[in-house]
Amino acid sequence: MTAMHGRNLSRPAAGALALLLTAALSGAGAVSAAAAGGNTVELPVLRTKLTGNAGCTEGSGRQATAVPWEQVSLQLGRAWQFASGSGVKVGVVDTGVSTSAPALKGRVTAVGGAGKDCVGHGTFVAGLIAAQSDKGVKFAGVARRSAIVAVRGTDERGVATPGRVASGIEAAVGAGAEVVTVSAAFPSDTAALSSAVRLAAKKDVLLVAAAVPDSPTGGVGQEVPARDYYPAASDGVLSVLDVDVKGERPTGAYTTGSAQLAAPGDGVVGIGPSKNGHYIGSGASLAAGYVAGAAALVRSAHPELTAAQTAELLRSSAYPDAVPRVDPYAAVTAVLASASTTAKAPAGPAADKESAAPVRMPEDRAAGPLRRAMWPTLAGVAVVVTVAWLAVIIPRGRRTGWRPSARRP
């Protein structure tokens, strides 16, 4: 069964959130985001790669102190009552993850030289997954007590290749990650990528990947036909699309018909490689980071579940839409009814194709009293309706002698 939850935001929150919508389309060096007291702050825009002679990304000196719209949309405050991601390692295959980022202090294990992030994109994604909140700042990662395994899927300038990404996946699996997020999306599969995906399945590691490439600043510029991208389209990989504050795809973004989940990814707040400030970014790679964080929450709350079962739980508990939107709270609080008997089922493509285990929500103990409280109200409404009906019918019956009214020609 699919869990459905209300998505209405408070008026102050909705007003602040609308300020973030222009991030993906802006060519400026900064974009407005919400700050405390209903004010706004200009945040620098996240880069996906470094071009020309551009220097390394530095830490931002500006902070978004209000609760970001994406945290409200994902109901993270409710999900954190049940899970924090503690004990789960999440691999980030990207531009590296800076071990100097204060919000990730002490929780980044870097493979090779991945502890330095010249571009800043990998650190931003890792922050969406695991950042701790700073004093006076409401932003935090989805699984804020999880640990990060940093591996490079790009060169130092942010250029990704299938070979680098495949090696990054294998390195993250070898380092003990239970969830791995991949930011790159390639138009064709390769033997190396396929091999890395199979290794993750064999080791019971859940792969989450951007369903499409991140669009260049200002949009793609022309309509691009929908197609599959890899490794997201591979069997056993959870593919993710980005949506904005309205739950819609950004204008001019790449498209695909094979995405399994959607998550916030257009105009979202995140951390930089140093300092306590924030950047603002857009793209399916960021949405994949959110889903990876949700997977870490599930795996910390339900360690008995396999990677395939975790993926199925995230899909079956998602908010219904054209592409179902991930719902961390529903996923964490839902229970796979047959988990005790299927927890040792094989992970990977074969397991994903088996019949999905039914999902049930924990019993709502308030439902019974609420229904009982409603009966007097409903009875009162019925009395009012009956009295009003009699007030019309009785006088009319007396006038006609209780005979049917003659039909008019």
Side-chain angles (χ1 to χ4, degrees), residues 1-10 13 17 67-86 88 90 128-130 140-146 178-179 181 206 208 211 238-248 259-265 268 287-340 342-343 352 355-367 370:
M1 109 182 198
T2 301
M4 297 184 65
H5 298 277
R7 300 291 178 175
N8 294 328
L9 306 179
S10 66
L17 308 185
V67 179
W69 71 265
E70 50 271 27
Q71 290 186 201
V72 177
S73 173
L74 294 174
Q75 302 187 79
L76 294 187
R78 300 180 70 191
W80 289 335
Q81 298 177 53
F82 301 93
S84 64
S86 179
V88 177
V90 182
L128 298 181
I129 297 168
V142 179
R144 53 188 178 169
R145 293 185 181 175
S146 61
E178 296 177 62
V179 178
T181 184
L206 176 56
V208 181
L238 197 55
S239 59
V240 185
L241 277 178
D242 49 320
V243 293
D244 63 20
V245 69
K246 296 180 180 178
E248 300 172 352
Q260 301 172 56
L261 284 174
V268 300
Y290 275 116
V291 172
L297 288 183
V298 172
R299 299 211 83 169
S300 69
H302 302 291
E304 74 281 2
L305 300 183
T306 65
Q309 289 174 327
T310 300
E312 177 57 32
L313 184 54
L314 288 167
R315 290 192 297 261
S316 62
S317 62
Y319 183 78
D321 210 332
V323 178
R325 280 177 281 160
V326 69
D327 187 336
Y329 171 73
V332 167
T333 56
V335 178
L336 283 172
S338 58
S340 60
T342 62
D352 244 1
S355 299
V359 178
R360 62 182 174 84
M361 295 299 294
E363 179 183 358
D364 186 354
R365 296 181 180 178
L370 178 61

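Values reported hereafter were calculated over all heavy atoms of this structure, with side chains retained and with hydrogens, waters and symmetry mates removed. In this chain, residues are counted from 1 in sequence order.
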| query | Checking Gln71 side chain against Ala140 main chain: does a donor-acceptor pair fall under 3.5 Å? | reply | yes
Polar side-chain atom of Ser316 near backbone of Glu312 as donor-acceptor pair, under 3.5 Å
yes
Of all heavy-atom pairs linking Val88 and Ala296, the shortest is CG2-O, 3.7 Å
TODO: Please examine the side chains of Pro68 and Val268, heavy atoms only from C-beta on, and report whether any two atoms are closer than 4.5 Å.
DONE: no
Residues at least two apart in sequence or cross-chain that pass side chain to side chain contact (heavy atoms under 4.5 Å, CB included) with Ala287, listed by chain then number, are Val240, Asp242, Ala263
Smallest heavy-atom separation, Leu313 atom then His302 atom, equals CD2-CD2, 4.5 Å
Rounding to 0.5 Å, atoms CD (Gln260) and CG (Leu241) come to a distance of 10.5 Å
Rounding to 0.5 Å, atoms CH2 (Trp80) and CZ (Arg145) come to a distance of 10.5 Å
What one should report as the nearest heavy-atom pair of Tyr290 and Val142 is CD2-CG2, 3.4 Å
So CG of Asp327 and CZ of Arg78: to nearest 0.5 Å the spacing works out to 8.5 Å
- Query: Side chain of Arg315, backbone of Leu261: donor and acceptor closer than 3.5 Å?
  - Reply: no
Quiz prompt | Tyr329 vs Leu74 side-chain heavy atoms within contact, under 4.5 Å | solution = no
Residues passing the side chain to side chain contact (heavy atoms under 4.5 Å, CB included) test with Ala295, sequence neighbours excluded, are Val179, Leu206, Thr310, Leu314
Closest heavy-atom pair, Ala330 versus Ser317, reported as atoms and distance to 0.1 Å, is CB-O, 3.6 Å
Side chain to side chain contact (heavy atoms under 4.5 Å, CB included) filter on Ala83, not counting sequence neighbours, yields Leu297, Ser300, Ala301, Val332
Closest non-hydrogen contact found for Gly85 with Ala143 is CA-CB, 3.9 Å
In this structure, CD of Glu248 is separated from CG of Asp321 (nearest 0.5 Å) by 9.5 Å
Minimal heavy-atom distance between Ala292 and Thr181, with the atoms involved, is CB-CB, 3.7 Å
